[in-house]
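Before any comments, here is the structure.
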Number of protein chains: 2
Amino acid sequence: MSRSLLENTSKHEPYHHGNLHATLLEAARTLVEEHGIDGFSLRELARRAGVSPAAPYHHFKDKAALIRALAGESQIRLGIASQHAIKGIQDPMQRLSKLGVAYVLFAFEHPSEFRIMFRQELRSPLGELEQPDIKPDPAFVLLKQILIECRQAGCIPITSERALELASINMWALVHGLATLIVDGPLSHTFRTKEQVIELTRQVTGGSLQQQLGGT
Amino acid sequence: MSRSLLENTSKHEPYHHGNLHATLLEAARTLVEEHGIDGFSLRELARRAGVSPAAPYHHFKDKAALIRALAGESQIRLGIASQHAIKGIQDPMQRLSKLGVAYVLFAFEHPSEFRIMFRQELRSPLGELEQPDIKPDPAFVLLKQILIECRQAGCIPITSERALELASINMWALVHGLATLIVDGPLSHTFRTKEQVIELTRQVTGGSLQQQLGGT
DNA sequence: CTATAATCTGAACAATGTCAAGATCACTGC
DNA sequence: GCAGTGATCTTGACATTGTTCAGATTATAG
């Protein structure tokens, strides 16, 4: 990106780009943001990176592979945002609430990134094979961890391991469903501002938070 | 479909197909089921329908329009499946539970249909314009209706209209999130059989059902 | 029966994902 | 210092796709 803009007058456009890999990922992110994931083309990406259409194939096996890499990055971003949201807060239940809001808010503010993370091409393209790019979701392990904090603090009467597993799935599904409905679903027309989304998330998750139990 | 199979020997392949519209939708559904929504091509569809690549454009404005029509059909199917699941059951809380299971099960058994229903191209392609094809989700109005039943039967202490709205969003988000996580998400590898999915849904929603309230 | 509208074809266009053969460059081992 | 090996990039090509347009064919209304 910087290379072609700065040196195109001085020398004869270096044959090797230097750090195409990173440039591609960066450009791809903004491109997906603009045109959506479906209007995203490898050739346009190469064009923006100032490189031939075949160049990206030396850094990513596929278009799908590039998208997988993007999704991996977004997963990490979401994890960081979640960490940041609960930083400094002590009360486990408040941490849980903040975490949920952070999740939904991330989806609301970065819709294309959120969509990419749950795309079909990421999951076992051959139906059985595991994709090595996809690690256990950082946001999910964080959620589990906080739920354990809650139990230890006595905020939640969960004893069995099974009940804790169910509670975490419950929370995740709730928050993820909310995010999906807001981003791509029927709630997208009703809730448009950041404040509305935060308020809705608080109230919807709040109901389930206070009595989230009596597990199996 | 029936036309080309039956008459291709008797006469000279009628110039007009007869009922292309329906044939296209039907073939499109099976095609999406096979190749996924991304590997779905208009030309391949035309090929299967035994018709020229340009023919579908007389029945659907766009590829996106065709997909919208598909999504509309699927919405109706989901509505029917939901109706069928609660038919004959009296207890409102049980109806609520059955409804949730039906939703998740539909997603599990018809993943491609479920995915299509919540696709970006369905929602305001120009950012503002409303798509007339998309009606209020039948499954959602059914959910609201049953929640009202629950309140009238005294199973749920919800008074304000706002609280009822929140409760319905809560239930929908929970069930929809669960479906998404099972179909495209990290739970897809853990829960594979129909029985597992049903059991999980029962338990996850069950926890939220018994104490789903304490409104605003 | 005729005119008009609906439906379908054929050919074309621009764009895309992907690949193979070759050009260019960085860098290791001598 | 230098040959050569492997990484990186380009050029050119191929098959496919979405979409459009002019014309052929048929249904249908008047």
Side-chain angles (χ1 to χ4, degrees), chain A residues 1-5 7-8 10-25 27-28 31-32 34-70 116 119-122 125, chain B residues 1-5 7-8 10-25 27-28 31-32 34-70 116 119-122 125:
Chain A
M1 174 198 196
S2 54
R3 208 61 171 281
S4 56
L5 288 178
E7 302 187 359
N8 55 357
S10 52
K11 304 245 162 122
H12 352 293
E13 285 277 4
Y15 195 90
H16 283 9
H17 179 274
N19 57 346
L20 230 195
H21 193 97
T23 303
L24 283 179
L25 283 178
L31 221 147
V32 166
E34 291 176 17
H35 298 66
I37 179 65
D38 291 312
F40 163 73
S41 118
L42 257 194
R43 293 183 103 108
E44 172 68 17
L45 174 61
R47 232 168 281 139
R48 294 218 185 176
V51 98
S52 98
Y57 284 86
H58 294 262
H59 298 268
F60 302 94
K61 172 184 165 293
D62 247 348
K63 184 183 183 183
L66 205 165
I67 295 181
R68 270 197 298 269
L70 268 186
I116 283 185
R119 274 238 137 188
Q120 208 178 352
E121 47 257 64
L122 308 186
Chain B
M1 176 202 193
S2 53
R3 208 62 170 284
S4 57
L5 287 178
E7 300 187 0
N8 55 358
S10 52
K11 304 242 161 123
H12 352 291
E13 286 277 2
Y15 195 89
H16 283 9
H17 180 273
N19 58 347
L20 228 198
H21 193 97
T23 304
L24 283 178
L25 284 178
L31 221 150
V32 166
E34 291 177 17
H35 297 64
I37 180 64
D38 292 312
F40 163 72
S41 119
L42 258 194
R43 293 183 103 107
E44 172 68 17
L45 174 62
R47 231 168 281 138
R48 293 217 186 176
V51 97
S52 99
Y57 284 85
H58 294 262
H59 298 268
F60 302 95
K61 171 185 166 290
D62 247 349
K63 184 184 182 183
L66 204 166
I67 295 181
R68 271 197 297 271
L70 267 187
I116 283 185
R119 273 238 139 188
Q120 207 178 354
E121 48 256 64
L122 309 186

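Just so we're clear, the structure is a prediction, and the values are computed from it rather than from any experiment. Convention: sequence-line order gives letters A, B, ...; per-chain numbering from 1.
For D/dG18, one of the phosphate oxygens OP1 or OP2 lies less than 4.0 angstrom from a side-chain nitrogen or oxygen of B/Ser41.
Nearest to the side-chain atoms of B/Tyr57 among the listed nucleotides C/dT16, C/dC8, D/dG18 stands D/dG18. For B/Leu42, the listed nucleotide lying nearest its side chain is D/dT19; candidates were C/dT18, D/dT19, C/dC8. Between D/dC21, C/dC8, D/dC9, one nucleotide has an atom nearer to the side chain of A/His58 than all others, and that is D/dC9. Closest to the side chain of A/Arg43, from the set D/dT19, D/dT10, C/dT16, is C/dT16. Residue A/Asp62 places its side chain closer to C/dT18 than to any other of D/dT17, C/dC8, C/dT18. You'll find that the side chain of B/His59 is closest to C/dT7, out of C/dT7, C/dA12, C/dT9. Closest to the A/Ala54 side chain, of the nucleotides D/dT11, D/dT17, D/dG18, is D/dT11.
Here C/dA15 presents its P atom at 18 Å from CZ of A/Phe40, a figure rounded to the nearest Å. Taking atom CZ of residue B/Arg48 and atom C1' of nucleotide D/dT16, one finds them 16 Å apart after rounding to whole Å. Distance CD1 (B/Ile67) to P (D/dT19): 10 Å, rounded to an integer number of Å. Between A/Leu24 atom CG and D/dC9 atom P the separation is 9 Å, expressed in whole Å. Note: CG (B/Leu66) to C1' (D/dT19) measures 14 Å, nearest angstrom. Summarising the geometry, the separation between CD on B/Glu44 and P on D/dT16 is reported as 10 Å, rounded to the nearest angstrom. Nucleotide D/dT16 holds its P atom 19 Å from the CG atom of B/Asp38, rounded to whole Å. Going from atom CG of A/Leu20 over to atom P of C/dA26 covers 14 Å, rounded to whole Å.
For B/Ile67 against B/Ile37, the heavy-atom pair with the smallest separation is CD1-CD1, 3.8 Å. Nearest approach of B/Leu66 to B/Leu25, heavy atoms of both residues: CD2-CD2, 4.1 Å. A pairwise comparison of heavy atoms in B/Ala28 and B/Leu70 identifies CB-CD1, 3.9 Å as the closest pair.
Salt-bridge annotation for A/Arg68 and A/Asp62: absent, with no side-chain N of the basic residue lying under 4.0 Å from a carboxylate O of the acidic one.
Counting non-hydrogen atoms under 4.0 angstrom, B/Ser52 reaches a base of the nucleic acid.
Remark: the backbone N or O of A/Phe40 is paired with a side-chain donor or acceptor of A/Lys63 at under 3.5 angstrom.
Of the residues near DNA chain C, A/Pro53 and B/Val51, the one whose nearest nucleotide (by heavy atom distance) lies more toward the 5' end is B/Val51.
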